Amino acid sequence: MRRRSLLLAALPAGLVTLSACGDDKSGASKGASPSPSVSSAPPPKIVDGPLPAITAGKKFGEKPTVAKGTGEPSPNLAVRTVIAGSGRTIAENDFIEANYLGQIWDTAKVFDNSYDRGRPLLMQLAQGTIIDGWRYALAGKKTGSRVEIAVPPNLGYGKAGQPDAGIKGTDTLVFVIDLIESFNSKSSAQGKPVAQDDPALPKVGTNTDGQVPKVTVPKSDPPEKLASVYVLEGDGPELKADQTVLCQFQGLVWEGGKTFQRTYGSGRLSQFSLEQMQQTVKGLAQGLTGKKVGSRVLIVVPPELGYGDNPPSGGVIKKDSTLVFTVDILAAM
């Protein structure tokens, strides 16, 4: 089966709505992702075992090999910190970036892993967006940690299981999870400031406290072509056109500098597919492609690459509006 798309904390209004199915190009596999398939269960009892041994790939970031479970698994959620990290403490509703391997307790059959895809999972640790076993096991852990968990059916995929992945409704699932990073509504790009010396472009604040950066739009006419420049330049990998982006962002109209949508200071983050953004605000997708994760980017979108003569109704965006975006690229999958 295809991985379900990640459910979102926020979407730029009028920009894009992700479909309910994943896309093989965005790192999907025929295995089962930790997306939920049953309603949330009450908080479980957490125990420290039993858990099968990790027999190879024992370092953080290495693809692990995990032994078959022995005996009966616990009916409770078993959690063990294999490697203790020293990074940020993860809270419920945070987004997590993680590599993982999942297998079935009784058979040691691996049904999914992100290591082979070379793209970590990016998902919100929230009710309804991830299986409850992950949600309860990972809250309170620190980034940089490797965590092994055994998830009973009621905290995984329920009585229905995931037949396409070979998971029965009675299967206990074993996961090894490398917690790379976490993000919340106070996250910002942490790149190095880049000189803003083009008088034809807006000036953007360089604060990194999660609050909205100030944008000063020139009183001159907007540029006729797409402009995309660093405000803060990160050192992460460059975005590819088939990736999904997690970000803070704001969108303004050049004429008058009015804001039409933003996540900064709202208690939310935004997540969207660049491929699908190409169908809605093409200039935003083009302006982000090739930019580095960890950066703040200023993008000025001319009308023909924005909404053109078909803007969202009832807002400040009018026909043939030039749009101004600042985007903090937090992570990508």
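Please read all numbers here as calculations on a predicted model, not as lab measurements. Note that these values count all heavy atoms, side chains included, but never hydrogens, waters or copies made by symmetry.
Residues forming a side-chain hydrogen bond (donor to acceptor under 3.5 Å, both in side chains) with E148 (at least two apart in sequence, or on another chain): R80. The side-chain hydrogen bond (donor to acceptor under 3.5 Å, both in side chains) test applied to Q190 returns no partner, not counting sequence neighbours. Qualifying side-chain contact (heavy atoms from CB on, under 4.5 Å) partners for P50, counting only residues two or more places apart in sequence or in other chains: S74, W105. With sequence neighbours left out, D94 forms a side-chain contact (heavy atoms from CB on, under 4.5 Å) with I90, A91, S182, N184. Scored by the side-chain hydrogen bond (donor to acceptor under 3.5 Å, both in side chains) test, E97 finds no partners at all (sequence neighbours excluded). Partners of Y115 according to the side-chain hydrogen bond (donor to acceptor under 3.5 Å, both in side chains) rule, which considers only residues two or more places apart in sequence or in another chain, are D178.
Taking the six-membered ring where tryptophan is involved, the planes of Y100 and F175 are tilted, since the angle between them lies from 30° to 60°.
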What do the steps show when you test L138 against L179 for side-chain contact (heavy atoms from CB on, under 4.5 Å), and what is the final call? CA-CA 9 Å; L138 298 182; L179 297 168; 4.0 Å; yes
Check against side-chain contact (heavy atoms from CB on, under 4.5 Å), K141 and T89: CA-CA 6 Å; K141 301 299 183 184; T89 300; over 6 Å; no
Take L298 and V324, measure what side-chain contact (heavy atoms from CB on, under 4.5 Å) needs, and give me the verdict at the end. CA-CA 7 Å; L298 166 69; V324 178; 3.7 Å; yes
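Two residues are said to be in side-chain contact when any heavy atoms from C-beta on lie closer than 4.5 Å; V79 and D48 fail this criterion. Taking the side chain as every heavy atom from C-beta outward, V215 and V217 approach each other to under 4.5 Å.
To the nearest 0.5 angstrom, I180 atom CD1 is 4.5 Å from N99 atom CG. The CG atom of L122 sits 11.5 Å away from the OG atom of S114 when rounded to the nearest 0.5 Å. If you take CG on L173 and CG on L155, they are separated by 10.5 Å, rounding to the nearest 0.5 Å. Going from atom CD1 of I317 over to atom OH of Y307 covers 5.0 Å, rounded to the nearest 0.5 Å. Here the straight-line distance linking atom OG1 of T244 with atom NZ of K240 works out to 13.5 Å at 0.5 Å rounding. Rounded to the nearest 0.5 Å, atoms OG1 (T322) and CD (E224) are 9.5 Å apart.
Within a 6.0 Å sphere centred on CG of N207, heavy atoms belonging to other residues, nucleotides or ligands number more than 12.
Residue pairs meeting the side chain to side chain donor-acceptor pair (under 3.5 Å) criterion with at least one partner in residues 286-303, sequence neighbours excluded, are S228-K291, E233-K292, R296-D328. For the salt bridge (Lys or Arg N to Asp or Glu O under 4.0 Å) condition, no pair includes a residue of residues 311-325, sequence neighbours left out. Listed by first then second residue, pairs satisfying side chain to side chain donor-acceptor pair (under 3.5 Å) with a partner in residues 57-69 read K63-D116, not counting sequence neighbours. Applying the salt bridge (Lys or Arg N to Asp or Glu O under 4.0 Å) rule to pairs touching residues 185-210 yields nothing, sequence neighbours excluded.
The hydrophobic cluster around L51 extends to none of the other residues, as no ILVMFWY side-chain heavy atom falls under 4.5 Å of it.
Under the 4.0 Å criterion applied to side-chain N and carboxylate O atoms, D112 and R117 are assigned as salt-bridge partners.
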Indicate every side-chain donor-acceptor pair of residues 245-259 with a distance under 3.5 Å to a residue at least two apart or in another chain.
from : atom 1 : to   : atom 2 : distance (Å)
Q248 : OE1    : T263 : OG1    : 2.8
Q248 : OE1    : Y264 : N      : 3.3
Q248 : NE2    : S185 : O      : 2.8
Q248 : NE2    : S187 : O      : 3.0
Q250 : NE2    : P213 : O      : 2.8
Q250 : NE2    : T326 : OG1    : 3.1
W254 : NE1    : S220 : O      : 3.0

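Residues G133 and V151 approach most closely at CA-CG1, 4.0 Å, considering heavy atoms.
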